[in-house]
Amino acid sequence: YMVANVPFNFYTTSAMLQTVLEKPLEKKAGRNYGPPGNKRLIYFIDDMNMPEVDTYFTVQPHTLIRQHMDYSHWYDRVKLSLKDIHNCQYVACMNPTAGSFTINPRLQRHFCVFALSFPGVDALQHIYSQILSQHLAQNSFANAVQKASATLVNAALGLHAKISATFLPTAIKFHYVFNLRDLSNIFQGMLFSMPDCVKTTLDLVRLWLHESSRVYGDKLIEDKDMETFAKLQVDFAKKYFEDMNEDDIKQQPNMYCHFATGIGDPKYMPVPSWEELNKLLTEALDNYNEINAAMNLVLFEDAMSHICRINRILESPRGNALLVGVGGSGKQSLSRLSAFISSLDVFQITLRKGYNINDLKVDLGGVCIKAGVKNIGMMFLMTDSQVPDEKFLVLVNDLLATGEIPGLFQPDQIEDIIGGVRTEVKGMGMEDTRENC
């Protein structure tokens, strides 16, 4: 079996969909097409109900899929000749709270429909305690810390449930949505830690409080909400770890970052004090200004916290940040400094007259080649003023959702890319086939 991801969005048309569906297929005898060799291909369609519904209640991409499922064929868009498509199946998923709420029954009849509910507390407890306890055991943390992992998972689940119930989305706070991703992000942050970072149970609790502040706290937009959140954190820490002193739990600064022991020595450690952090960041800023266009920044407490937040996201796998704030509040400058600390190159698009979605594809292609073929870490920085057309966001969304943008490279570019990574694939002891490359 092979799987092809097909992300849907509001602007997906049947022509765009057909290009994506045809990409993994190869020509067989006559007018037959199918996946390479004797494989079966599964198209995984994400957000099936997102495409636009037109005036006559038709959804273009759905019609193409229905035609394929009914008759096992579609037409060549240029020659208008028939193409028989074999050995393909569909798995689709959709979110009932967004997009159109009904799917054409002529399409839906081909699918078995399952409703997936949120996992129960027991399942979550099992999943996350496995992840955390294995990390603590494999890296030989202190016994007391290992024993506390089950209690900590319970505390994290309790806090998550309370936060989901307390901070509800409204018209202004529409981003107050807390789901499994947030829980996973908390534990992902905790997996950065090594034994020299967490020596006692108190360290483990403070690390968990820091991660939950990053994941939940940084989303909150009102002082009142932040105060409520801080109180909830302390309440849950005291409820599950009764023998701990409240002053020790609350001690500030509770900030962990990858450069606390020095820049260029990535270890996830707590920041000893604001003064130490200021010294480190001032040094980083001086080094940055020597190489790049000088930035004249005053590193006050909030700015330093923001750098730690952005840097933590840049260091985490598939970490993407959306920074919201008024113009001139330092979002770009702090992002550039954070990228410099993580040794990432920064790329920004340059808007000019007539800059359209194809130019953006060329630019994004360049970034992907730098990151993938040349192995240079990249940070793609995009501001709201660089989105002259809403369709630009479709490409960004595809990049964030699946890491793949349909039709980003021409066939000859793909050959060059495969040639570029061939030696590395061999070096990893794998066969240098097209799929592995």
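In what follows, residues are counted from 1 in the order of the sequence shown.
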Verify, without hydrogens or angle tests, whether [X] (side chain) and [Y] (backbone) share a donor-acceptor contact under 3.5 angstrom.
X    : Y    : result
N185 : V215 : no
N139 : H135 : yes
N311 : C257 : no
N292 : Y288 : yes
K28  : P35  : yes
S333 : G330 : no
E52  : F10  : no
D46  : V6   : no
D389 : F392 : no

Atom of [X], atom of [Y] and distance for their closest heavy-atom approach:
X    : Y    : value
L207 : Y268 : CD1-CE2, 3.9 Å
D203 : V198 : CB-CA, 3.8 Å
T282 : L299 : N-CD1, 3.7 Å
T58  : T63  : CG2-OG1, 3.9 Å
Y176 : I221 : OH-N, 2.9 Å

Passing candidate, side-chain contact (heavy atoms from CB on, under 4.5 Å) with V271, options L280, N254, L277: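 Considering L280, N254, L277, a side-chain contact (heavy atoms from CB on, under 4.5 Å) with V271 is found only for L277.
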Please assess N49 against F101 for the test side-chain contact (heavy atoms from CB on, under 4.5 Å), listing each intermediate value before the final yes or no. CA-CA 7 Å; N49 57 343; F101 296 111; 5.6 Å; no
Taking everything shown except [X] itself, do over 12 heavy atoms lie less than 6.0 Å from its [atom1]?
X    : atom1 : answer
D286 : CG    : yes
K27  : NZ    : yes
K370 : NZ    : no

Given side chains that start at C-beta, do those of [X] and [Y] come closer than 4.5 Å, heavy atoms only?
X    : Y    : value
V59  : P61  : yes
C368 : F409 : yes
D225 : F167 : yes
I103 : F111 : no

Enter the distance from [X]:[atom1] to [Y]:[atom2] here, rounded to the nearest 0.5 Å.
X    : Y    : atom1 : atom2 : answer
M269 : M194 : CE    : CE    : 11.5 Å
I131 : L136 : CD1   : CG    : 12.0 Å
S129 : F187 : OG    : CZ    : 8.5 Å
M16  : L21  : CE    : CG    : 12.0 Å
L204 : S149 : CG    : OG    : 8.0 Å
T12  : L64  : OG1   : CG    : 12.0 Å

Would you mind writing out the side-chain donor-acceptor pairs for residues 377-386 within the sub-3.5 Å range, not counting sequence neighbours?
residue, atom, partner, partner atom, Å
T383, OG1, S385, OG, 3.0
Q386, OE1, T383, N, 3.0
Q386, NE2, I349, O, 3.2

Exercise: do [X] and [Y] side chains pair donor with acceptor under 3.5 Å:
X    : Y    : answer
Q252 : W274 : no
E22  : Y33  : no
Y43  : N5   : no
T350 : Y355 : no
H210 : R214 : yes

Evaluate side-chain contact (heavy atoms from CB on, under 4.5 Å) for Y11 paired with E390, printing each intermediate quantity in order. CA-CA 10 Å; Y11 296 107; E390 219 174 58; 2.6 Å; yes
One thing to verify: whether R31 and D76 come together as a salt bridge, which I'm taking to mean a side-chain N less than 4.0 angstrom from a carboxylate O.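 Looking at R31 together with D76, the answer is no, because their closest N to O distance does not fall below 4.0 Å.
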Measure up the H160 and Y216 rings against each other and bin them: parallel (under 30°), tilted (30 to 60°), perpendicular (over 60°).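 Judged by the thresholds at 30° and 60°, the geometry between H160 and Y216 is tilted.
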Taking the inter-plane angle between the rings of H73 and Y75 on a 0 to 90° scale, is it parallel (under 30°), tilted (30 to 60°) or perpendicular (over 60°)?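 Rings of H73 and Y75: perpendicular, over 60°.
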Show me the side-chain donor-acceptor pairs of residues 314-329 shorter than 3.5 Å, one per line, residues at least two apart or across chains.
residue, atom, partner, partner atom, Å
E315, OE2, S342, OG, 2.9
S316, OG, R312, O, 3.4
S316, OG, I313, O, 2.9
R318, NH2, L400, O, 3.3
R318, NH2, A401, O, 3.3
N320, ND2, R318, O, 3.3
S329, OG, V326, O, 2.7

Would S213 and Q233 count as a side-chain contact (heavy atoms from CB on, under 4.5 Å) here? Give the steps. CA-CA 9 Å; S213 299; Q233 274 189 314; 3.0 Å; yes
What verdict does the side-chain contact (heavy atoms from CB on, under 4.5 Å) test give for L285 and M295, after you've listed the backbone C-alpha separation in whole Å, the side-chain angles of each residue and the deciding distance to 0.1 Å? CA-CA 8 Å; L285 183 61; M295 290 195 299; 4.2 Å; yes
Output all residues satisfying side chain to side chain donor-acceptor pair (under 3.5 Å) with Q60, sequence neighbours left out; order by chain, then residue number.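 Only S14 meet the side chain to side chain donor-acceptor pair (under 3.5 Å) criterion with Q60.
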Residues that N289 engages under side chain to side chain donor-acceptor pair (under 3.5 Å), provided they are two or more places apart: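 If we apply the side chain to side chain donor-acceptor pair (under 3.5 Å) test to N289, skipping adjacent residues, there are no hits.
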Non-neighbouring partners of R206 that pass salt bridge (charged side-chain N to carboxylate O under 4.0 Å, His left out), sequence neighbours left out: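 With neighbours one apart ignored, the set is empty.
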Kindly list each side-chain donor-acceptor pair under 3.5 angstrom involving residues 85-94, sequence neighbours excluded, with atom names and distances?
residue, atom, partner, partner atom, Å
H86, NE2, N32, OD1, 3.0
Q89, OE1, R40, NE, 3.2
Y90, OH, H68, ND1, 2.7

